[in-house]
Structures are given as C-alpha cells and as structure tokens.
Amino acid sequence: MTAFTLDSLDLAALLCSRVCHDVISPVGAIVNGLEVLEEEKDAEMRGIALDLIKKSAETASARLQFCRLAFGAAGSVGASIDTGDAEQVTRGLFADGRTQLEWNGPRILLPKNKVKLILNLCLVAAGAIPRGGVVSVTLAGSETDTKISVEAKGANARLPSHVPGLLSGAPESNTVDAQAIQPYYTGLIARAANMTLELAISPDSVAIEAVPASVAAVAAMA
C-alpha cells in the first residue's frame, strides 16, 4: 500500500486553518464586547462588556502562545526549548478549569520537536475528554532517551476511531482535512523526533506514550 503523504502547501494551509479556528472565537467575543461598549450607556452592562473583553483577550493570548510552540518554528533549526515554557503555555490553554493539568518531570531543555510533540499530545488527550477531566504529562529520561507519557482521565474518555490512523500517518479515507490535521501533524512530529507512539485505552482513560524508536524496536523483538 502506498504511504500517504500530504503536500507541504496543503499541510501549511490546514495548520493555519487550525490556528485560526482556535483563536476566532475569543477574538469574535472581543469584537462583540467593543460593540456593546460603543452602544451601551448602562454602567453595569459596560462592566460586563469589559469583563468579556478582558477574559476573551486572555484566552486568545493563551491560545496563540500555545500554538506558537506547538505549531510554529519556535527558534532556529536544531534549537532546544525549556520544558518549563511548554508547561506554562499548556497551563494557560487549560486555564478555564474544565480540564486540569498535572505535569510531572524535571525542567530541562529538549529538542524543539520533542517539545512540540508533548504539546500536540496534550491536544490529542484533551480531545479525548470533551467533558473535561485531567490531563497528566510525565517526562522521564534525558534529552537523548526521553520518554513522554500523556494520559487523559475523565468521564467517557474516548479516542475517536480515526485518530490512531492519523497518528500513524495512515488516515482511514486517505485524506486529511482541517479537523484531522492536528493528530496527523502529531504523528509527523513524532517521526521527525524519531519517536514511536503507543496507545493504551481503558474505560475513562486514554494514554499515549512516546518512546525512542530504537527502544520500541528492541521491545518489539523481545
């Protein structure tokens, strides 16, 4: 079977669509709040509008900061990124309180593709618990033999049936659209970082572990 590949221009366009999707809602809320301020004279309503603008601006900023690390260049080729920065932008993304973040691991410098992988795995995990819950990130090992574990726990935790294929680079329909680009991109990042993704799914829990490809190959032969 011919391996699925996505044209680089299509990949860029779909990722841009994903980022726009993430920020258009809070930006739209800011616009609505400004319109209320222009038309409303009641002090209480103006206060509500200002609160809406403030919260929406914070949400938009948090999402953009997260997307910058998760999808953007984030430094030069070969650059390393502080995992503390990754934790900070992820906490900002989950600041609404519906999904809680547990981050376990030392603050270290990792190659940027491994940090991008961590952040994208967090998005996949959050998507498995749409009603909210807990996303746990565990980092172990050193820069060269890093193991990444991201687990989502929550009511009716479930990984959509098409996601495993996207993570492995083999989408079911042999196509990728804007809704599917993020898990597909996660698989691309894993392979670029020479990591293998392993899934473990149980009632109310979805766990994804990323291990060095060499370690996964040895384990498969054992």
Side-chain angles (χ1 to χ4, degrees), residues 6-40 45-75 81 85-101 112-113 115-135 137 150 152 154 156-163 166-167 171-173 175-189 206:
L6 187 63
D7 180 81
S8 58
L9 290 177
D10 289 338
L11 175 64
L14 290 170
L15 285 176
C16 286
S17 293
R18 168 64 197 234
V19 174
C20 291
H21 174 271
D22 285 350
V23 299
I24 196 168
S25 178
V27 169
I30 292 171
V31 173
N32 291 338
L34 291 172
E35 290 176 350
V36 171
L37 285 180
E38 288 182 352
E39 301 172 0
E40 187 61 57
M45 290 300 298
R46 290 178 65 85
I48 293 174
L50 283 171
D51 186 56
L52 172 65
I53 292 170
K54 179 178 181 294
K55 290 180 178 178
S56 299
E58 290 173 347
T59 298
S61 176
R63 292 183 182 182
L64 284 172
Q65 290 182 58
F66 182 91
C67 289
R68 176 179 173 271
L69 282 186
F71 304 129
I81 298 175
D85 294 338
E87 178 184 358
Q88 181 180 4
V89 298
T90 307
R91 290 196 182 281
L93 186 71
F94 294 158
D96 63 2
R98 187 177 64 177
T99 300
Q100 298 179 350
L101 176 68
K112 68 176 183 179
N113 277 345
V115 173
K116 290 160 74 75
L117 178 59
I118 295 168
L119 298 181
N120 277 276
L121 288 176
C122 285
L123 287 179
V124 174
I129 45 173
R131 297 183 181 178
V134 178
V135 171
V137 178
V150 178
N156 300 317
R158 184 180 67 87
L159 198 64
S161 60
H162 66 286
V163 170
L166 290 165
L167 292 173
E172 292 178 349
S173 60
T175 59
V176 176
D177 58 18
Q179 290 185 331
I181 189 59
Q182 192 276 319
Y184 176 77
Y185 179 72
T186 303
L188 288 180
I189 290 295
V206 172

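Counting from 1, the numbers follow the sequence of the chain as shown.
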Could you give the distance from OH (Tyr185) to CG (Leu123), rounded to the nearest 0.5 Å? 11.0 Å
Decide side chain to side chain contact (heavy atoms under 4.5 Å, CB included) for Val124 and Val206; before the verdict, give the C-alpha distance in whole Å, the side-chain angles of both, and the deciding distance to 0.1 Å. CA-CA 10 Å; Val124 174; Val206 172; over 6 Å; no
Nearest-0.5 Å distance, CG of residue Leu167 to CG of residue Leu121: 7.5 Å
Does Thr186 use its side chain to pair, donor to acceptor, with the backbone of Gln182 at less than 3.5 Å? yes
Under the criterion side chain to side chain contact (heavy atoms under 4.5 Å, CB included), I'd like the reasoning laid out for Arg46 against Leu37: C-alpha separation, chi angles, the key distance, then a yes or no. CA-CA 6 Å; Arg46 290 178 65 85; Leu37 285 180; 4.0 Å; yes
If you measure from CZ on Arg98 to CD1 on Ile129, what distance do you get to the nearest 0.5 Å? 9.0 Å
Note: Lys116 and Gly72 closest approach over all heavy atoms is NZ-O, 2.6 Å
Donor-acceptor contact present, side-chain Arg91 to main-chain Leu101, <3.5 Å: yes
Work out which heavy atom in Phe94 is nearest to a heavy atom in Cys122; give both atom names and the distance. CZ-O, 4.3 Å
Evaluate the side chain to side chain contact (heavy atoms under 4.5 Å, CB included) criterion for residues Ile30 and Leu34: first the C-alpha distance (whole Å), next the side-chain angles of each, then the deciding distance (0.1 Å), finally the verdict. CA-CA 6 Å; Ile30 292 171; Leu34 291 172; 4.1 Å; yes
Decide if atom CD of Gln179 counts as having more than 12 heavy atoms of other residues, nucleotides or ligands within a radius under 6.0 Å. no
Could you tell me whether a side-chain N or O of Lys112 sits under 3.5 Å from a main-chain N or O of Leu69, the two making a donor and an acceptor? no
CD of Glu58: more than 12 outside heavy atoms within 6.0 angstrom? yes
Less than 4.5 Å apart, side chain to side chain, heavy atoms only: is that true for Thr90 and Val137? no
Going from CG on Leu93 to CG on Leu64, what distance comes out if it is rounded to the nearest 0.5 angstrom? 11.0 Å
Heavy-atom pair with the smallest gap, counting every atom of Ala49 and Val36: CB-CG1, 3.7 Å
I need the Asp7 CG to Leu14 CG distance, nearest 0.5 Å. 10.0 Å
Could you tell me which non-hydrogen atom of Pro183 sits nearest to which non-hydrogen atom of Leu166, and how far apart they are? CG-CD1, 3.7 Å
Which heavy atom of Ala128 sits nearest a heavy atom of Ala152, and at what distance? CB-CB, 4.4 Å
Heavy-atom nearest pair, Leu119 first then Ala86, reads CD2-O, 3.6 Å
Residue pair Val23 / Thr59, side-chain heavy-atom distance below 4.5 Å: no
Return yes when atom CD1 of Ile24 has more than 12 non-hydrogen atoms of other residues, nucleotides or ligands closer than 6.0 Å, and no otherwise. no
Minimum side-chain heavy-atom gap Asn120-Phe71 below 4.5 Å: yes
Heavy-atom side-chain contact between Ser161 and Glu172 under 4.5 Å: yes
Answer yes or no: is there a side-chain heavy-atom contact under 4.5 Å between Ile181 and Ser17? no
CG of Leu6 to OG1 of Thr175: how many Å apart, nearest 0.5 Å? 10.0 Å
